[in-house]
Amino acid sequence: MGGFDSGTRARVAASRAGRSPGAAATAGTEPSERTPEADAAATPADPPRASARPEGAGRSARAGAPVPVALSHEAHGDGPELVLLHGVGLDRRMWDRCLPALAARHRVTLVDLRGHGASPAAAAGVSLAELAADVAALLSGPTHVVGFSLGALVAQRLGLDRPELTASLTLVSSVAGRSDEERAAVARRQELAAQDFGASAWAAVDRWFSPAWRAQDPELARQVLDTLLANDRASYLACYRVFATADTALWRWLPRIAAPTVAVTGERDPGSTPAMSHRLAERIPGARSVIVPGARHLLPLECPRELADVILTQTGGHAGNQNGSHTGTAGSQAGTHGSHTGTHPGTPTGQESHRS
């Protein structure tokens, strides 16, 4: 999956098999969670407290807090810390096409979430809080967090539970505030995965790839399908339940996110719709949304240059943009006509259209 040469693929494969990827791995730290809510079924008694003081390094997490597992990961490049989180059923290789541009400006850590790739399996009932705690254990300080789909939900939870670790959030193809119809549709996909895993994998590829893109890049579509089919079924179903339900519990707490945030999705994404990105931009203080015209769900693979541009704008990683204060992409790249607010005439504040 992705656009790397055979040498890079061999290095990544060696890392996934447990050998050193050549770049130093990030040292783990034990996270603490202050007020965890039930991720889907229950309403939390208290919200995550963004103002709470984090427990110091080496201190034990309080009773009842998620116990993190050690995630398989690799690091590339040098600069401000940035971590990339993949979607359900995929793995860290989905970032291959974005990695060169990002690693030129950042120290980039790619991880396999629990239940995916070379990381430990996910048990039934795994929670979004646990997935976020796993990632927190890899981070030693403020980090730009980029999450795709399920990874975007993990990023939101991380921003709530560990604000001291989240320098910024880039929420790629994220769900938010599903309607009754959208919840029913994802529930049907979850049921299909439980009943006929192969059919659900094929349906995902059909949903993610337009006929034109699939004809243009058939090998990539095959690689994505192979990655889906290689998943441990129990782990996939456990994590898909989180993806299908966790946005409901998150919605109440989104206004507590303090990190600078951008939500970006494809114009033609049927599941993580432009309306959802706009909702996130309206719900999270100071956030903005970016819509990539003509694109579907897999922005890291379909539009890596455009997505990397959005990420680097958010992190301040563009040359000449060192403080991250610029809130829109450059007019020549994003169609913003020189606007530094990321808005266009006739569009709500906090929304922009990223022109590829």
Side-chain angles (χ1 to χ4, degrees), residues 39-40 48 82-90 94-95 98 111 113 116 128-129 131-132 135 144-161 166 168-179 182-183 185-186 189-190 204 207-208 239-292 295-303 306-308 310-311 313-315 342 350-354:
D39 285 288
L82 185 150
V83 66
L84 300 173
L85 310 177
H86 61 77
V88 66
L90 301 173
M94 76 167 299
W95 296 104
C98 293
V111 305
L113 296 173
H116 296 80
L128 184 63
L131 298 181
V135 176
H144 298 288
V145 181
V146 180
F148 168 82
S149 197
L150 171 63
L153 297 179
V154 175
Q156 291 166 54
R157 181 73 198 229
L158 189 62
L160 289 166
D161 292 349
T166 49
S168 74
L169 298 177
T170 301
L171 310 177
V172 184
S173 305
S174 180
V175 297
R178 287 185 176 106
S179 66
E182 289 165 339
R183 284 196 295 272
V186 75
R189 293 197 291 272
Q190 184 179 6
R207 196 166 59 249
W208 295 343
C239 292
Y240 201 92
R241 181 197 62 82
V242 175
F243 168 71
T245 60
D247 65 301
T248 301
L250 276 174
W251 182 256
R252 178 180 177 184
W253 308 123
L254 292 180
R256 297 289 187 96
I257 292 177
T261 300
V262 61
V264 53
T265 198
E267 178 187 23
R268 298 177 182 173
D269 190 330
S272 304
T273 63
M276 291 181 179
S277 286
H278 295 330
R279 288 174 205 154
L280 286 167
E282 294 166 356
R283 189 77 172 161
I284 298 172
R288 63 190 178 93
S289 60
V290 178
I291 308 304
V292 182
R296 291 201 179 192
H297 188 59
L298 296 176
L299 294 184
L301 295 172
E302 186 177 4
C303 305
E306 292 86 346
L307 180 57
V310 172
I311 294 169
T313 295
Q314 181 67 6
T315 65
Q351 303 175 9
E352 67 181 78
S353 178
H354 184 97

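Only a predicted model underlies this, so the values are computations on that prediction, with no experimental measurement involved.
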Inset, instruction - Check the surroundings of atom CZ in Arg183: do more than 12 heavy atoms from other residues, nucleotides or ligands lie under 6.0 Å from it? - result: yes
Inset, instruction - Return the minimal non-hydrogen interatomic distance between Ala246 and Leu128, and the atom names on each side. - result: CB-CD2, 3.8 Å
Legend entry - Distance (rounded to the nearest 0.5 Å) between Thr170 OG1 and His144 NE2: 9.0 Å
Legend entry - Nearest-0.5 Å distance that lies between atom CG in Leu131 and atom CG in Leu153: 9.5 Å
Inset, instruction - Can you measure from CG (Leu301) to CG (Leu90) and round to the nearest 0.5 angstrom? - result: 8.0 Å
Legend entry - Short side-chain to backbone donor-acceptor contact, Arg157 and Ala132, under 3.5 Å: no
Inset, instruction - Find out whether His116 and Leu150 are in side-chain contact, i.e. whether some heavy atom of one side chain is under 4.5 Å from a heavy atom of the other. - result: yes
Inset, instruction - May I have the step-by-step check of side-chain contact (heavy atoms from CB on, under 4.5 Å) for Leu280 and Gln156, ending in yes or no? - result: CA-CA 10 Å; Leu280 286 167; Gln156 291 166 54; 4.0 Å; yes
Inset, instruction - For the pair Leu113 and Val135, evaluate side-chain contact (heavy atoms from CB on, under 4.5 Å) and give the outcome as yes or no after the intermediate values. - result: CA-CA 8 Å; Leu113 296 173; Val135 176; 3.9 Å; yes
Inset, instruction - State, with a plain yes or no, whether a side-chain heavy atom of Leu160 is found less than 4.5 Å away from one of Leu250. - result: yes
Legend entry - Side-chain donor/acceptor of Arg178 to backbone N/O of Met276, under 3.5 Å: no
Inset, instruction - Please report the C-alpha distance between Leu171 and Ile284 in whole Å, then the side-chain angles of each, then the deciding distance to 0.1 Å, and finally whether the side-chain contact (heavy atoms from CB on, under 4.5 Å) criterion is met. - result: CA-CA 11 Å; Leu171 310 177; Ile284 298 172; 4.1 Å; yes
Inset, instruction - Quick one: pull up CG in Leu298 and CG in Asp269 and give me the separation to the nearest 0.5 Å. - result: 8.5 Å
Legend entry - Heavy-atom closest pair, residues Ala155 and Leu85: N-CD1, 4.2 Å
Legend entry - Exercise: identify the closest heavy-atom pair between Trp251 and Gly177: CE3-N, 3.8 Å
Inset, instruction - Verify, without hydrogens or angle tests, whether His86 (side chain) and Trp95 (backbone) share a donor-acceptor contact under 3.5 angstrom. - result: no
Inset, instruction - Answer yes or no: is there a side-chain heavy-atom contact under 4.5 Å between Thr265 and Ile291? - result: yes
Legend entry - Gap separating the NE2 atom of His297 from the OG atom of Ser272, nearest 0.5 angstrom: 4.5 Å
Inset, instruction - Quick one: pull up CG in Leu254 and CD in Glu282 and give me the separation to the nearest 0.5 Å. - result: 12.0 Å
Inset, instruction - Would you indicate whether the side-chain heavy atoms of Val186 and Tyr240 approach each other to under 4.5 Å? - result: yes
Legend entry - Under 3.5 Å side-chain donor-acceptor pair for Thr245 and Gln190: no
Inset, instruction - Give the minimum heavy-atom separation between Leu307 and Val264, together with the two atoms involved. - result: CD1-CG1, 3.9 Å
Inset, instruction - Could you pull out the closest heavy-atom pair between Pro285 and Ile257, with the gap in Å? - result: CD-O, 3.8 Å
Legend entry - For Gly87 against Met94, the heavy-atom pair lying closest together: N-SD, 3.8 Å
